[in-house]
There are 4 protein chains.
Amino acid sequence: MTHTPHRRGADRTEAIMRTTLELGQEIGYAKLSIEAVAARAGAGKHTIYRRWSSKGALLLDSLLSLNEPGLDYPNSGDIVADLRAQIYTAVDLLARPPFGPLFQALIGEAQHDPQVAAALNERFITPQADKTVARLKAARDQGQLSSGFDLDLAMAILSGPLYFQLLITQEPLTHEYVDRILHALFAGMGPQPQP
Amino acid sequence: MTHTPHRRGADRTEAIMRTTLELGQEIGYAKLSIEAVAARAGAGKHTIYRRWSSKGALLLDSLLSLNEPGLDYPNSGDIVADLRAQIYTAVDLLARPPFGPLFQALIGEAQHDPQVAAALNERFITPQADKTVARLKAARDQGQLSSGFDLDLAMAILSGPLYFQLLITQEPLTHEYVDRILHALFAGMGPQPQP
Amino acid sequence: MTHTPHRRGADRTEAIMRTTLELGQEIGYAKLSIEAVAARAGAGKHTIYRRWSSKGALLLDSLLSLNEPGLDYPNSGDIVADLRAQIYTAVDLLARPPFGPLFQALIGEAQHDPQVAAALNERFITPQADKTVARLKAARDQGQLSSGFDLDLAMAILSGPLYFQLLITQEPLTHEYVDRILHALFAGMGPQPQP
Amino acid sequence: MTHTPHRRGADRTEAIMRTTLELGQEIGYAKLSIEAVAARAGAGKHTIYRRWSSKGALLLDSLLSLNEPGLDYPNSGDIVADLRAQIYTAVDLLARPPFGPLFQALIGEAQHDPQVAAALNERFITPQADKTVARLKAARDQGQLSSGFDLDLAMAILSGPLYFQLLITQEPLTHEYVDRILHALFAGMGPQPQP
DNA sequence: GGTTAAGCGAGACGGTACGTCCTGTCTTGTC
DNA sequence: GACAAGACAGGACGTACCGTCTCGCTTAACC
């Protein structure tokens, strides 16, 4: 048996993450095993365990490597248009393999593994939320939103229904649905009587 | 060796579900195994597999057996008060072991297992959503909400941020947060200038 | 579901034994299970266990039911010819499915299960051996064999090599081999010097 | 939890075989399970399956490890004395646990499992038979046996009755019985009148 | 001739073991 | 010293049978 010379460090890291995404896309996260990733990547298991502490940690890194720069906000001056553009982009990312299904599975994993949950929040969720809040804050500072506008709650109302649809009802996310949420947030639901 | 006579059907079903909840509470869903449930319940593994096709299916039934009648809505005439009361109850249920953590884990499992996702929706999510929508519709029919009020979207805005907090940021759900959401929904976010 | 009327006693016994032989022939003794016999025979497992204490006991009865009268000896006056005829018959029986392979498997089972070993000896081996010894004794009494002729040993020399070939080397038993044994027994091996 | 470092290869092989013999002696072959051997030996089941394809294969190796050099023949010049000595040794080996009962069970297994039968023949039966035949042939070459002496048949007459007693009647093998067989083989049965 | 006990098919049940898969740790030898 | 390869202990999987049991239905035997 001949051996291809062992390449080191970043080289191996990258190959393993690429294989993880490939294999995850082919057989799904549930059936993905570190054993199989190692075999397919031509890597020793040790080489994987040296870098990642669990399947979830490996997948998180692999997914983030797909989206290095993150989803950045335009700032055209029109807060609604900017939010819409950004959320469209996010929704499109989630609709497209391999990101969508694997990201969904990763959130699933986070429900069983606190380390994954923490890392996911720290590395993806919070940064995205922060950008949204920052964009909203800019609009409020510019007087486009009332001074009492609840930035965090607005972020939650923008995100929550989408995650609900992704994780719970598992129906496809549409631009039209994003529009309805945006409209409700900024124009109100129009409930006649005052509560 | 003497044998206690085997008790049948519902008897065994109930014992297995009770054991599942006990063990799930003790060691967590991730470490829960059908093997261990069988051993603790004094049941053969086949007796479990005969009833449930997976760990997720078993847990779903076990959890639902805790909440037989479901969360029912009061109808005091005051839509906001009624929603508040009902959501408080739901949030309290989620805050209390064993339901909370196991329900969360079950949603996690639903991300890997379409059967669990479907069953969860059919048996828990959809019925609850339907009740909320029905209560909102009654209010709209009585003129308490504008005729254009988007019932489904309202339901999503009420649920989404809570599930977001449960599943993503994994912070505790508080009554105060529920109040903020309700206020936003019915009083609006107040984005003064341009809608 | 319609029920064929349950037939009793000997009827069921016979159906189960017939199924045992059928199934044993199809899939071999090793893979034969009481479960499968019951299913194929349309019998309850209890009905089998009521009659036989083990797979081996069931097979023994099933095999013996094939050979009810036993292998009886001719007595033509010529002891060698009579033995030859009888052993040819036995060897032919062993060469023919379903008896041969299942009988062999039954002896295999007897090595693990003393009850089967005892029953096999009592119901098959000893009666056959007794007949052989009786025929030899008649010949000795008629002066065809020396008065010191060791009847039991002769029986063992006739049977042993055949069972050796059946069980150990597992080569087919031939009439030619029977002839060689008979010749050695009655004409001697012809070893020159006196021991 | 601390881990003793895993010892490799021959070390594990030997420990597993030793445990197999121990456990086989304690509870008998029929009740012996690979599961139990693994547990007692502190080995993973896979470590056993990696080496042996079945319980029978494991037992065969384990037994042969007890009798590494095999049963070798003396050659004193006296063929009868040499055979007697060698067969006494074999009979004594079979009379003594753990070899006897487990060897008997292994032959039983060989009736259900062709792989075991083949391996048993190749690794134990045939080599022993060859030695016997070789010793007989030496005697014949030296003129101690007639030139027409049937070596293979003699071997079968020496072995057959003993295996018959071991496997079929399951009575203990005695030196006295060996003597009777040897006498019959070399002095003849003495059937006076018609050969 | 109606009742009743036994036989029966069906299959649930607790259990044991199977043979497989994967985990996370380790050892070995190569580069 | 990083690495590929893979052995190793261990745990769980889902399946197959074991022998015992419960359940109703059917049938023969006895009142």
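Note: hydrogens, waters and symmetry copies are ignored here, and every other heavy atom, side chains too, is used. Just so it is clear, the model here is predicted, and its values are computed rather than measured. Below, read A as the first sequence line, B as the second, and so on, with proteins coming before strands; counting in each chain starts at 1.
Between C:Y29 atom OH and F:dC17 atom C1' the separation is 14 Å, expressed in whole Å. Between B:D11 atom CG and F:dC21 atom P the separation is 17 Å, expressed in whole Å. Taking atom CD1 of B:I34 as the reference point, atom P of F:dT15 lies 10 Å away to the nearest angstrom. Note: CD1 (C:I48) to P (E:dG11) measures 15 Å, nearest angstrom. The CZ atom of A:R40 sits 18 Å away from the C1' atom of F:dA4 (whole-angstrom rounding). In this entry the distance linking CG of B:L32 with P of F:dG11 reads 16 Å, nearest Å. The separation between B:Y49 atom OH and E:dG15 atom C1' is 15 Å, rounded to whole Å.
A heavy atom lying under 4.0 Å from DNA chain E marks none of the residues of residues 14-25 of chain B.
Relative orientation of the B:Y29 and A:H112 rings is parallel, given thresholds of 30° and 60° on the angle between their planes.
Nucleotides of DNA chain E nearest to B:A43 and D:K55 differ in position, and the one nearer the 5' end is that of B:A43. If D:K31 and C:A38 are placed on DNA chain E by their nearest nucleotide, the residue sitting closer to the 5' end is C:A38. For A:G44 and C:A36, each mapped to the nucleotide of DNA chain F holding its nearest heavy atom, the one lying further toward the 5' end belongs to A:G44.
OP1 or OP2 of F:dC3 lies within a sub-4.0 Å distance of a side-chain N or O belonging to A:R51. Side-chain N/O atoms of B:T47 include one lying less than 4.0 angstrom from OP1 or OP2 on E:dG14. Close to F:dA2, at under 4.0 Å from its OP1 or OP2, lies no side-chain N or O of A:R50. Here B:R12 does not reach the OP1 or OP2 of E:dA12: none of its side-chain N or O atoms lies under 4.0 Å away.
Ion pairing of C:E109 with C:K55 is absent here, as no side-chain N (NZ or NE/NH1/NH2) approaches a carboxylate O to less than 4.0 Å. No salt bridge links B:R40 with B:E35; every basic N to acidic carboxylate O contact stays at or beyond 4.0 Å.
Residue side chain D:H46 does not reach the base of E:dC21 through any donor-acceptor N/O pair under 3.5 Å, judged by distance alone.
Of the candidate nucleotides E:dA17, F:dC13, F:dA4, E:dA17 has the atom lying nearest to any side-chain atom of D:S33. Of the candidate nucleotides E:dC8, F:dC8, E:dT20, E:dT20 has the atom nearest to the side chain of D:K45. Checking F:dC13, F:dA9, E:dC22 against the side-chain heavy atoms of A:E35 singles out E:dC22 as nearest.
Judged by distance alone, with hydrogens and angles left aside, the side-chain atoms of A:N121 form a donor-acceptor pair with the main-chain N or O of B:I168 at under 3.5 Å. Between the side chain of C:S62 and the backbone N or O of C:L58 there is at least one donor-acceptor pair closer than 3.5 Å. No donor-acceptor pair closer than 3.5 Å links the side chain of A:Q111 to the backbone N or O of B:L106.
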